[in-house]
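In what follows, chains carry the letters A, B, and so on, assigned in the order in which the sequence lines appear, proteins first and then strands, with residues in each chain numbered from 1. FYI, side chains are in, hydrogens and waters are out, and symmetry mates aren't considered; it's all heavy atoms of this structure.
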There are 2 protein chains.
Amino acid sequence: MTSTRRRGQALEAAILDAGWNQLIKGGYTSFTFEAIAERAETGKSVIYRRWPDKEKLLLAVIKRQGFGAPSDIPDMGSLREDLLALLRTANQRSERAAILLSTILSAYFSGEISLTPERLRTALLGDQSRALTEILRHAVDRGELPTGDIPPRIVRLPTDLLRQEIIMNLNRVPDETIVDIVDTIFLPLVTDTRLQSTDREETQLNLSGSFHSRTASKE
Amino acid sequence: MTSTRRRGQALEAAILDAGWNQLIKGGYTSFTFEAIAERAETGKSVIYRRWPDKEKLLLAVIKRQGFGAPSDIPDMGSLREDLLALLRTANQRSERAAILLSTILSAYFSGEISLTPERLRTALLGDQSRALTEILRHAVDRGELPTGDIPPRIVRLPTDLLRQEIIMNLNRVPDETIVDIVDTIFLPLVTDTRLQSTDREETQLNLSGSFHSRTASKE
DNA sequence: CCAATAAGGTACGTATACGTCTCTAATATT
DNA sequence: AATATTAGAGACGTATACGTACCTTATTGG
């Protein structure tokens, strides 16, 4: 008849996509086996056969969206253009970030899922810090920036600020915001003449990806 | 007997506090009439008598926490100390901010509640921007900063960054982070000699609180 | 002191989701 | 062609929450 039954990989993909679309449409509250099964046009049992509980399913759905995927590093010829390109790409993907944040926060606070702030950060931040590091290294190679240490907090400043804006907007931000972040904040900071002229030793660009450790207390 | 029945104001306050504690304990998922009634040691009907549905109750609970309360502006004698004091106070209150964000995001995405990103921003940001403006004005008065425009994005940079850190930590941040934000990012930016020496007109400090307008598209 | 009011329980019907199970029919495999 | 899988659909019992209704009892105000 009309029906062509999916199996294996194809079916699995359809379910995970349905799960993601469910998050988009109704957030974590609507992330139920029933709703996902209906959206994927299959039965609950088909899902349960693969992922025994909600946490496993959620992690699979998130994983499939490929947040760990390293965004390709732009190389436009200038630091400013590289920065704008990177932030614009991230901005394009912002809906996913907003959904993901909401989902993880809901799951975290509802206690249904064992999810640490560590994993939240990893999921949301990915390795954008690495991309920034690369871009800055290119700028040093071009001679736009002097060789020397750049504090980690400055390195991740552009993505931190963009993420902040996206969360507050619950959506993409206007392009002017991106330009503003780059021109008003980041470039003046990183090209600060005082930083360049200080009596630093001539070290290699040292951009350790070390993040801040988090406070233990939760009270 | 042992039982002293609460009435009127006292009862109302107890219910709203129970609601807030419920958000702290289990997030928006656990924000149910039943759970709140039990926590407040009263009956569901008592709550329903006052707030006919969940949205009304939630708004009352949030309102009672007084997020709009203007934090008093520190005046410690130097720009740096003022900034640190302001951020430390905000950091102390971070648990409330994290809970509030999670709640609003959950409610927003679950569609149960009519809540715009505008209101999210208002609820979370309050008028911290005003406090920053005051602090900078004091610094100008002291002669620490030159008279002149400071771009709005720079003005709210400290609070934006702190908020970002709090959200990513889902908790308070270590004090070093606050010091880092002030010393590595904000002070270098705001005391940038190039900004001071440029051919700006001698204008009054103009810190319009104008926020970015948000993108309309939601697709 | 007595009547009006409202608190504190609880029971109800409805709805939704969990997780398990069973059944059938479509697809693979041999 | 016969057999083994497994998708798709749904029924189940349990649990939880909504929102309403009812009843008893403490408190208050006249």
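- Residues B:V173 and B:E165 approach most closely at CG1-CB, 3.6 Å, considering heavy atoms.
- Of the candidates C:dA28, C:dG8, D:dA17, C:dG8 carries the atom nearest the B:V46 side chain, counting heavy atoms from C-beta on.
- At least one cation-pi condition fails for A:K25 and A:F31: the charged atom is not both under 6.0 angstrom from the six-membered ring centre and inside a 45 degree cone around its axis.
- Atom CD1 of A:I47 and atom P of C:dT20 are 14 Å apart (whole Å).
- With C:dT27, D:dT20, D:dA17 as the choices, the nucleotide that has an atom nearest any side-chain atom of B:Y48 turns out to be D:dT20.
- Of the two residues near DNA chain D, A:G8 and B:R49, the one whose nearest nucleotide lies more 5' is A:G8.
- Here D:dT27 is the nucleotide among D:dC18, D:dT27, C:dT20 with the atom lying nearest to any side-chain atom of B:R5.
- Close to C:dA7, at under 4.0 Å from its OP1 or OP2, lies no side-chain N or O of B:T42.
- Here the C1' atom of nucleotide D:dA7 and the CD atom of A:E38 are 17 Å apart, to the nearest Å.
- Under the rule for a side-chain contact (heavy atoms from CB on, under 4.5 Å), the partners of A:R49 that lie at least two apart in sequence or sit in another chain are A:S45, A:V46.
- As rounded to whole Å, 17 Å separates atom P of C:dG8 from atom CD of B:E34.
- Look at OH on B:Y28: it is 12 Å from C1' on D:dC18, rounded to the nearest Å.
- Rounded to whole angstrom, the span from the CH2 atom of B:W51 across to the P atom of D:dC18 amounts to 15 Å.
- Map A:K44 and B:S45 each onto its nearest nucleotide of DNA chain C; the residue landing nearer the 5' end is B:S45.
- Rounded to whole Å, the distance from NZ on B:K54 to C1' on C:dA15 is 14 Å.
- Between B:Q22 and B:S30, the side chains place a donor N or O and an acceptor N or O closer than 3.5 Å (distance only, hydrogens not considered).
- Across D:dA17, C:dG8, D:dA7, the shortest atom-to-atom separation from the side chain of A:R7 is found for D:dA7.
- Between B:R6 and D:dT27 there is no side-chain polar atom (N or O) within less than 4.0 angstrom of OP1 or OP2.
- Rounding to whole angstrom units, CD1 of residue A:I36 and P of D:dA9 are separated by 16 Å.
- By the side-chain contact (heavy atoms from CB on, under 4.5 Å) test, A:E34 pairs with A:T32, A:K44, sequence neighbours left out.
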